[in-house]
Structure formats: structure tokens, C-alpha cells
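What follows is one structure encoded as C-alpha cells, with my remarks underneath.
Convention: sequence-line order gives letters A, B, ...; per-chain numbering from 1. It should be emphasised that the depicted structure is a prediction, and the values quoted were computed from it without experimental measurement.
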Protein chains: 2
Amino acid sequence: MATIREVARLAKVSVATVSRVTNGVAVTPANKAAVLAAIEQLDFRPNAFARSLATDRSSAIGVVVNEVTGLFSGGIVQGIESVVEKHGMHLAVSSGHRVAEKEKQAFEALSQSRADALILLVSATSDSDLIELANRDRPVVIIGRYIEELSDNCVYVDNVHGGYVATKHLIAQGHRRIAHLTGNLSIKDGRDRLEGYKTALRDAGIEFDEALIVESEFVEEGGYRGMQHLLRRGRDFTAAFAANDQSAAGALLALKENGLKVPDEVSVVGYDDLLLAKYVSPALTTVGQPYAEMGKAAAKLALSAIGISSATRIVTKFEPKLVVRESVAPYQKVAVTA
Amino acid sequence: MATIREVARLAKVSVATVSRVTNGVAVTPANKAAVLAAIEQLDFRPNAFARSLATDRSSAIGVVVNEVTGLFSGGIVQGIESVVEKHGMHLAVSSGHRVAEKEKQAFEALSQSRADALILLVSATSDSDLIELANRDRPVVIIGRYIEELSDNCVYVDNVHGGYVATKHLIAQGHRRIAHLTGNLSIKDGRDRLEGYKTALRDAGIEFDEALIVESEFVEEGGYRGMQHLLRRGRDFTAAFAANDQSAAGALLALKENGLKVPDEVSVVGYDDLLLAKYVSPALTTVGQPYAEMGKAAAKLALSAIGISSATRIVTKFEPKLVVRESVAPYQKVAVTA
DNA sequence: TTGTAAGCGTTATCAG
DNA sequence: CTGATAACGCTTACAA
């Protein structure tokens, strides 16, 4: 690959002038033309490393997510990429796999000067480690959790409100005995959604019944087992709110196996609005999150932190939104059979 | 950030020695200990650019896919990452968005010495441009298409065989009037699957009927419209093979709207085995492709091309596999009503 | 085994 | 506006 020196020689100018041309700095038209011609002829492309070494800029944004291909991290990554590529920058991605050590490894690799800023969507690393990381030299933006000390660099959605919205929708349809298949309660999202559920009940004057709660997990199997568990005790509820779509899908399956019709006999609402929500039968009423928007916001935050992109106000707190499909029906007195 | 020089000074050795320990080259134990201590104390991490500039190695693999978050490119990217990270390398990803110019832009950026090798899963770039790219300095591996001239660096699956398998399954269940909702025929995958369909019919001695073919597209809407079109003409088929799961899902919807039961009245098989195949109702019998495996193979190919990883035989041609679920039933004479 | 010093290909400073 | 030249931080002969 040709170097800047060869171009300079061919164009009969100094390397400095070539550098000026490739960086869009003013140069005599004649020189510019000569340089451009030489570049063309030699098929010269500046060496990114040398440039980065000299400028201390990689023109890359580092992204570490739980899984590159995660059902929703996918949408977020897409959002990030759309704004990053618009600014001529690149993406260096790594998966953290929800394992603290792997996440750390990914940060280190990326911040070892490969990335000008980091965007993180990770589960295993503690808040304090994240804070420590953010206090190094490169800007860090966090997606999916709110950390007080880093509040300006967090892009997140209000899970409490999400749980509230889901539950309230059920209440508005007349349901009062509403079960909740929680997510993994060691994860904050799970706790928040549960809290939203409780708040909605309280606001509606419905007494909270511990018996209607079953701690499940954020996977299909968890929803399935949770619902089985609930049903084995006798069906004393007319609706259920699952902490995510996958567990909702599992619940749907359990309901079907028990000969219960959704939504006629039991209404179900999920959370996340994954692609599957639309395909499951009946199509799932769920709470959607603006993944792409969140990714875009994170990218804008990162870009403005390194002085690129205009720094107009960037929204960092997003509201979940109810997506109505077919898995919820109004409460029907007759349906309740203990 | 501390530099190698500072470490050398603190450890009272030369920079060369420091370099040696960071690169695992033999050094006196005493020196090694001193260096390690200094590194620890200064929190030194080698500057990746300087290292790359000196070695002409980025320790990154460039990946350009149609969409980072694509329903199946996701699985492929995951496969790639799993082997790449195992070798301490990184991923630089870009989306080509199925637009020739964007794809080209992505190649250029990545090959501008940011990546030691390129893995491409792109649709818009022509074979000849790909060949040209592959003849530059960095190794290139192509996923999802077979290019004669680059045969050793292509990881692909036999779409003809996939179409064959899908159709044959239907035939084995006794169906003879089998419709085919093709994919976009300007895309090779679509043409190949159609060819497989035809071959299966021929092998079974079933006459090919142009009227049972409708060119659709690789999206839900396409499958929906295609099926509508077919039904409007009167239902003279008992089974249908859709060129991908999304169009199969659309077909399912059209069938349902027309009051036809799947699989009792019409059997359906899809292609791809996306997550939705499992959730659609009835669950879709489909043809799956080993996405993760393909990604792994591509990564191994790339790694071995740059001299990393052992070069054991790497499988590059994959066979699609039938995944049986619930959308296919044996042919029932009584069901056919023209 | 170790140290010295010459690159690696750019950018940026500073005269001119 | 242009050109020399000193960084940038690391690796790698080469010599000791």
C-alpha cells in the first residue's frame, strides 16, 4: 500500500501538503489537483493506525452488549450504528455474555485506545466498577440502567412505569385478580417491574396478594413453570402480567395445555415487544421499549462527549409504551372459577 | 496513560525488555518481575495503535453484514465472535444495508488497515467486485454465496438442496399439488430454492405446474399477498413451500383469514428456522441453516488465513436441515376442493 | 538475555 | 500556503 511519502514524491510536494489535502485543509488548487491525481494513481489510502497514533483518535466507538445478537440488544446496536456511521465513525463491538470477567475484558480491550468512547449495555459489572471505568480518560455511556453518579451518561427506560402501565391496562379492563410472573428478581429490571405492578394495584385500591406472585425468570421455560405453578393451586386470577415476552410465551403455552383460552378466560400481557410477540398466538399485548431510539441517544451522547456532533439536548430517559394486540380481553365475571 | 518508556524507567530496564514481557518473550525472572510490578503500578496498557503501526496487525477482524441485527445474520455474527474472541481478537462490524455503495464504503473503511481480515455477508456487491476486493492485501471470506474464483473462502449453504428437502418432505407426506411462494428471484437464494423445488417434483415424477408458483418476496407481506393470490384462483393445492419463514408466516395469516386450517387443509413449510418459526401458530415446519456454525467456520477461515489458529480442515459447505414442527400433515384426499 | 536505535505512516508545529 | 522535522508509542533488528 502506498504511503503518504510516495504520494508526496509523485505530486512533487511535501508530505505535509498531502496530509493537508487528505484532511481538507486549504491548499493551492494546483497542488491539490496534483496530490489528488497522485493519490488516485497510487490508490493511496491513509494508514489508520498511523493517523490514530498521531491524533490519538480511533474514529471508532466501542460497544459492549450482553449478546451481539440479543433479541433486543440487536435493535439497540442498530440504533447506535445508524448514527455512528452517519458521522463517518466505526463500531467495535464485543459481547460481555453477562459475565463480569468477560465484560471487564471487553472494556479493557476496547478502551486500550481502540475506541474514542464506550457504550455499554452490560449486566454483570457492578455500578462501582462502571463508575471507576467512566472516570478514566474515555467517555462512557451506559444503556439500560440508571447510575446516580453517571446520570448524564445513562440511557434507560423507566421499568417501574412499564410495570405500572402493563398492570393498569389489565385493571382498566376490569381485572382485579392479576397474577405476576416476575423476572429474575436479582436483576433490577425485574424488581422495578414488580414495583410498578404493586403501585398500579395500590392506585386502584386493589389489595396486593403475595399468592399471585411467582418469581420466574426472563425465559420461556420460567414463564411456563410459573404459570403451571399458579394453575396447580387453582385458578383464582383472570389475568397475568409476565415480566417479559419470552416468559409470557411460556405462560401462554402452559395456559393452552391446561385448556384455558387466552384472552377469553385469562388475559396476558408481556414486556419487551420482541418480534415473537406479534407471532405468538394470540398475538401478545405487551410493553414496548424504543430500542432503536435508545441506541441513537446513546450514540449521540457518546459522539457529543468526544466533541463530534452537535450537542442539542439529548433525551436519556425513555418511557415504555403499551402495545395492544390480542391477548387481553375485558374481565368477564363468569370466567372466574376458583 | 503511561507509556512503555515510563515503565522501563521505573523497572530500570530498557523499553525493549518491557516490550518483551508484554509480548511473552523470554526475559530474566528478576527483570520480568520488576517490569510486571511497574506495569501494575502505572496501570500501563500498551497503546494498540502504536503496536499496530509497528506490526501492521490490528488484531481485529472486520465484519460487514446486511444488518448487524438481522434475524439470521445475528446468529452468524455470534458464531464469528465466539471464535474470534477466543483468539484474543476483536470485531469491527459494519452494516451494508444491502446497498452496493454502503457495502463498498464499509469494505474500504475496514480494510483501510483497521482489520486483518474481512468477513462479508453482503447482497448488493457483485461477484466481480468481491473478487477484486479479495485480491488486495487482506484475506477475505465470503458468507452466504459461492463464488467460483474464491471457492476456498466461501462459506455457504446449499439452497438448492434446501428447497429440495422442503419439497420432498411434503411429497413424502403424500402431497402432489404443492404451491411455491418463491423469494425474490433476483436474489440467488430465491432462484436456488425454486430449483430445488422443481428437482424434487421431477424426482417424484410430479409434473411441474407454473400456475402453482407465485413470485413473492422474502417478507411477511409478500407471503401474505402470494397466498391470497393463489387462493383467489381457487384452492387447487394441498401444500405450500414458502421461500422463507417470514413469507410463510404471511401465508399462514392469509390461510387463516380464508378459513383454511393448517395443517389439516393446507400444509406449509418455511425456510430459515428463525425464532418466529417456533412461535407462529401452528409452529412452522421449516428448513434450518446452521448459522452459528457458518459464522464459526468463516472466522476460522479468516484466522487461519492470517496465520492464527490451526489450519485443520474447515467445512465451508453446509447442508440445510429440515426442522419438523406442526404445520405439515399427511395428504388427505377429502381435503382437496377445487 | 539485554539495550540501542531505527523504523512504522501520520499529524502538527514552526519557520519561511 | 508550504516544507522540514519532531513527535505519537511500540516492535524489532542488530550489537553487545
Mind jotting down which residue pairs meet the ring-ring contact (aromatic ring centres under 6.0 Å, His included) criterion with at least one end in residues 14-33 of chain A? Sequence neighbours excluded, please. none
Quick one: salt bridge (charged side-chain N to carboxylate O under 4.0 Å, His left out) pairs with a partner in residues 85-94 of chain B, sequence neighbours left out? K102(A)-E85(B)
Using atom names, set out every protein N or O paired with an N or O of nucleotides 4-9 of chain D below 3.5 Å, distance rounded to 0.1 Å.
residue : atom : partner : partner atom : Å
dG9(D)  : N2   : A50(B)  : O            : 3.4

Going by the rule salt bridge (charged side-chain N to carboxylate O under 4.0 Å, His left out), which residues pair with R145(A) if we only count those two or more places apart in sequence or in a different chain? D127(A)
Looking at residues at least two apart in the chain, or sitting in another chain, which of them share a salt bridge (charged side-chain N to carboxylate O under 4.0 Å, His left out) with K188(A)? D192(A)
Think T17(A) has a side-chain N or O under 4.0 angstrom from the OP1 or OP2 of dC1(D)? no
For V18(B), which contact category applies under a 4.0 Å heavy-atom criterion: base, sugar-phosphate, or nothing? nothing
Euclidean distance, atom CG of residue N31(A) to atom P of dG3(D) [Å, nearest integer]: 6 Å
Taking salt bridge (charged side-chain N to carboxylate O under 4.0 Å, His left out) as the cut-off, I'd like each qualifying pair that reaches into residues 30-48 of chain B, sequence neighbours left out, listed once. E108(A)-R45(B), D43(B)-R45(B)
Would you kindly give the CZ-to-P distance between R9(A) and dG3(D), to the nearest whole Å? 15 Å
Are S19(A) and dT11(C) close enough that a side-chain N or O sits under 4.0 Å from OP1 or OP2? yes
Starting at atom CG of N23(A), determine the distance to atom P of dA12(C), rounded to an integer number of angstrom. 7 Å
Kindly determine whether R98(B) and S123(B) satisfy side-chain hydrogen bond (donor to acceptor under 3.5 Å, both in side chains), including the steps that lead there. CA-CA 5 Å; R98(B) 297 175 190 277; S123(B) 308; 2.9 Å; yes
